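Treat the numbers as computed from the prediction; the structure is a model and nothing was measured. FYI, side chains are in, hydrogens and waters are out, and symmetry mates aren't considered; it's all heavy atoms of this structure.
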Amino acid sequence: MTAAATTSNSTGQTSDSPSPAKQVKIDLRATGLSAAELKKLVAGYIVEDMLPISTVDSESFRRIVEKIPTKSGVKLPQRKSFAGYLEREYDIMDANLKATLGEVDFVSTTADIWTVNNKSFMGVTIHWINSTLQRKKAALACKRIRGRHTYDVIGAEIEEIHSSYGLHGKVVATVTDNASNFAKAFRVYQPCNLESESENEEEGDDEEPTFTDVIEALSTASGDGQFSLPPHYRCASHTINLISTSDVDKHLNSCADTKAVYRSSIAKCTALWTKASRSTLTSEQVEEVSRRKLMVPTSTRWNSLYEAISRIITIPLNELNPLCVKLGIKCLNEREYQFLKEYCTVMKPLTVALDILQGDECTYWALLPSLTSLMPKTLALKDDLSRMTASLPDVIVKAIKTRFDAVLDSQEGLLAVATCPKFKLRWLRDERRREHVKELLTTDCRKAAPATDNANVSQLPASPAEMDFFDFENQPTESFSAEKEVTDYLRSGYELEILNQFPNLKKMYMKYNTPTPSSAPVERLFSLGGLVLSPKRNRLSDRRFEKLLLMRYNHCFTPKENKKT
């Protein structure tokens with residue numbers, strides 16, 4: 001009896017208490033997945049892993065599903081019914097996204113055109129910051145476009161996509177690459193300047209009026225000017241790519257000290273990359289020497305060229321040249337090897353800035369600090385360079401100032417950084433520029449502040465007759481409050497949550513930091529599209545492809561607690 005009592009006390013249970021193990025088993029047997037839960041789990045598996053919808057008809061897959069405990073009579077539907085379920089889930093996702101965007105004041109978009117399998121698609125992603133200062137994103141479209149990619153076609157497609165989600169007046173910027181057709185579309189379809197139009201009308205008062213047949217004008221209208229596009233931001237990553245390829249390549253090929261060594265060293269590296277990528281035996285031999293595979297650069301990403309050269313120079317020259325002899329490739333001499341090392345040294349700050357700006361969570365406040373830090377860091381490398389590459393830092397800095405001329409002093413960029421508590425005005429080294437940005441903050445804060453409530457303005461007591469006779473003006477308290485809010489903000493901490501104490505500056509932060517500095521998000525959409533639109537799924541319709549891709553990008557079937565955005 002004593003032993004039994006001791007046993008029960010050691011387990012923390014009495015002899016009368018029920019066994020928890022038996023209860024768990026009973027609960028598992030009594031409960032099972034409903035039809036809706038089963039379809040949602042399978043849809044999440046198919047959409048997230050980008051599998052064909054016909055997976056639900058696979059006998060082996062259905063045998064696995066049959067092992068899942070379900071309620072009586074619940075079975076997985078066949079492909080046709082399951083496709084209808086996915087259509088309904090897409091409509092729900094689309095309606096929820098429109099409802100969410102309807103509550104947002106500021107959004108930005110990224111846009112690009114993707115061509116694959118002789119088809120072209122217009123991709124658009126959207127970004128915004130919610131009231132809790134969390135950055136959100138979603139895909140709006142990956143729409144099939146036909147014909148030539150002219151500026152008017154691009155402008156019409158972007159306008160239609162924006163309008164379908166009710167984004168008129170909310171898009172603070174659209175980020176694209178530097179392609180001429182995109183640049184022209186935003187240049188042509190910019191909102192009309194009413195002030196300039198009125199000035200032109202005043203200047204032309206003396207001219208004789210001209211009359212136009214309205215019916216004829218409407219029937220022959222070309223469509224230009226029927227809509228307007230939001231402000232256009234050029235992709236910073238694409239611009240840095242142009243600096244790394246076009247500007248640097250032009251300098252190295254035009255300078256007598258570097259032309260020969262640049263061409264010969266890159267030619268020998270190219271021969272090594274070609275040999276290693278086309279022959280399994282060569283790849284194995286390279287891996288034995290370098291203890292890892294060589295990277296082969298791609299034409300679309302300059303970072304890949306830098307990383308490929310960096311991988312080669314990690315191999316000591318006394319090991320690299322015997323490998324080249326074995327492969328039948330010309331060996332690198334010491335001057336060429338030294339040039340490659342210095343090239344990577346000079347270009348490394350560019351790669352760091354590029355990785356920052358095209359990060360998935362990067363906001364617009366990162367652009368100006370990255371550029372202003374990039375230039376002195378690049379110039380500081382001159383002391384460690386030889387005569388071959390000593391002029392390269394100056395070329396890079398000059399190219400940055402030229403290509404980012406409109407960005408370095410833009411009011412939007414300055415306010416984006418200044419409203420970010422992590423930076424404020426600390427990144428500015430010039431005192432005059434600090435005062436200039438502080439004035440911009442105060443002026444914009446005053447505009448962002450709501451109108452002063454007349455009831456809060458103290459006035460002298462007066463009778464109704466006097467109120468009708470005298471004209472009282474409100475006291476100018478708005479300017480003072482804006483200056484005080486900016487001053488208190490600049491003296492506050494550096495956590496993002498500090499903006500909750502400054503409502504006007506928080507609104508400015510949400511407006512100016514909604515855009516992304518690069519168009520990398522839409523490129524990621526296309527990367528997912530390449531996995532969905534595979535050669536084995538060539539019968540997939542354009543509309544169904546778009547819906548599957550948007551559900552995958554927007555994580556339609558991912559539980560809320562597992563979503564990153």
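Here the straight-line distance linking atom CH2 of W114 with atom OG of S527 works out to 8.5 Å at 0.5 Å rounding. Separation of atoms OG (S244) and CG (L305) is listed at 9.0 Å; rounding is to 0.5 Å. Atom CG in L549 sits 10.0 Å away from atom CE in M551 (nearest 0.5 Å). R524 CZ to S519 OG: the interatomic distance, rounded to the nearest 0.5 Å, is 10.0 Å. The NZ atom of K547 lies 11.5 Å from the CG atom of L540; values are rounded to the nearest 0.5 Å. Distance CD1/I126 to OH/Y165: 9.0 Å, rounded to 0.5 Å.
For E546 and K143, the salt-bridge test fails: no basic side-chain N is under 4.0 Å from an acidic carboxylate O. Under the 4.0 Å criterion applied to side-chain N and carboxylate O atoms, D249 and R263 are not assigned as salt-bridge partners. Ionic pairing of E87 and R544 is present here: one or more N-O contacts between side-chain nitrogen and carboxylate oxygen are shorter than 4.0 angstrom. Ion pairing between D105 and K511 fails under the 4.0 Å rule for side-chain N and carboxylate O. Ion pairing of D394 with K398 is absent here, as no side-chain N (NZ or NE/NH1/NH2) approaches a carboxylate O to less than 4.0 Å. Using a cutoff of 4.0 Å between basic side-chain nitrogens and carboxylate oxygens, D247 and R403 are scored as salt-bridged.
The number of heavy atoms from other shown groups lying within 6.0 Å of CZ (R79) does not exceed 12. Atom NZ of K507 has 12 or fewer neighbouring heavy atoms from other residues, nucleotides or ligands inside a 6.0 Å radius.
Looking at S265 and E336, their side chains never bring a donor and an acceptor atom within 3.5 Å of each other. No side-chain N or O of S228 forms a donor-acceptor pair with one of Q190 less than 3.5 Å apart. A side-chain N or O of E159 and one of S163 form a donor-acceptor pair less than 3.5 Å apart.
Outside the 6.0 Å centre-distance limit, the rings of F121 and F526 are not counted as a close aromatic pair. Here F61 and Y45 bring their ring centres to under 6.0 angstrom of each other. If you look at Y512 and F106, their ring centroids are not closer than 6.0 Å.
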**OP:** Please lay out, stage by stage, how Y90 and L86 fare under the test side chain to side chain contact (heavy atoms under 4.5 Å, CB included).
**Re:** CA-CA 6 Å; Y90 173 82; L86 290 179; over 6 Å; no
Working for salt bridge (charged side-chain N to carboxylate O under 4.0 Å, His left out), residues R135 and D360 | CA-CA 10 Å; R135 189 167 185 82; D360 196 27; over 6 Å; no
Walk me through whether D405 and K401 qualify under salt bridge (charged side-chain N to carboxylate O under 4.0 Å, His left out). CA-CA 5 Å; D405 179 53; K401 291 181 178 179; over 6 Å; no
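A cation-pi geometry, defined here as NZ or CZ lying under 6.0 Å from the six-membered ring centre and within 45° of its normal, holds between R426 and Y494.
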